[in-house]
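Quick notes on the structure that follows.
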Amino acid sequence: MSYQILEKQPGYVKELGRVQNLQQDLYGALRVCRDGRSHLEVAKHCNTESVLELFSFYRRKCNNSTVLKCLG
């Protein structure tokens, strides 16, 4: 029995190394996903601010146009 264990030990070590590499790859993928989500949240916030600024500009333009019509 001990002989069989020792005989297969290099295969176990190799497979364990593959599992550890896979685990590192999964942690890397998780980090990329988390960073991506974080950046998407920042972009969403910035995009919302930009849209609100555009609406504000359009509203001011309409108000100015109305004032000019009243004066003219």
Side-chain angles (χ1 to χ4, degrees):
M1 177 93 163
S2 295
Y3 175 74
Q4 289 176 340
I5 292 172
L6 288 175
E7 186 179 73
K8 297 194 185 240
Q9 196 258 348
Y12 294 146
V13 169
K14 182 180 175 182
E15 196 61 31
L16 181 60
R18 289 180 59 200
V19 168
Q20 289 172 333
N21 285 337
L22 181 58
Q23 185 178 21
Q24 289 174 350
D25 290 345
L26 289 172
Y27 282 135
L30 178 62
R31 184 174 50 252
V32 167
C33 288
R34 285 182 177 163
D35 288 347
R37 284 184 179 179
S38 174
H39 292 182
L40 283 174
E41 188 63 33
V42 169
K44 177 182 159 188
H45 180 72
C46 290
N47 189 30
T48 301
E49 285 181 352
S50 296
V51 168
L52 291 175
E53 287 174 9
L54 286 173
F55 282 145
S56 175
F57 174 76
Y58 182 74
R59 186 179 42 212
R60 275 185 271 140
K61 182 179 175 184
C62 288
N63 289 340
N64 290 340
S65 187
T66 303
V67 168
L68 287 174
K69 284 179 185 177
C70 288
L71 293 176

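- The line from OG1 of Thr48 to NZ of Lys44 is 7.0 Å long, rounded to the nearest 0.5 Å.
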Under the criterion side chain to side chain contact (heavy atoms under 4.5 Å, CB included), I'd like the reasoning laid out for Leu16 against Tyr12: C-alpha separation, chi angles, the key distance, then a yes or no. CA-CA 6 Å; Leu16 181 60; Tyr12 294 146; over 6 Å; no
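- Rounded to the nearest 0.5 Å, atoms CG (Leu40) and CG (Asp35) are 11.0 Å apart.
- To the nearest 0.5 Å, atom CD of residue Glu15 and atom CG of residue Leu22 are 10.0 Å apart.
- Under a cut-off of 6.0 angstrom, the local environment of CD in Gln4 is sparse, with at most 12 non-hydrogen atoms contributed by other residues, nucleotides or ligands.
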Give the C-alpha distance, both sets of side-chain angles, the deciding distance and a yes or no for side chain to side chain contact (heavy atoms under 4.5 Å, CB included) between Asn64 and Lys61. CA-CA 5 Å; Asn64 290 340; Lys61 182 179 175 184; 5.7 Å; no
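- We find the CZ-OG distance between Arg60 and Ser56 to be 4.0 Å, quoted to the nearest 0.5 Å.
- For the atom pair CZ of Arg31 and OH of Tyr27, the computed distance is 11.5 Å after rounding to the nearest 0.5 Å.
- Between the side chains of Glu49 and His45, at least one donor N or O sits under 3.5 Å from an acceptor N or O.
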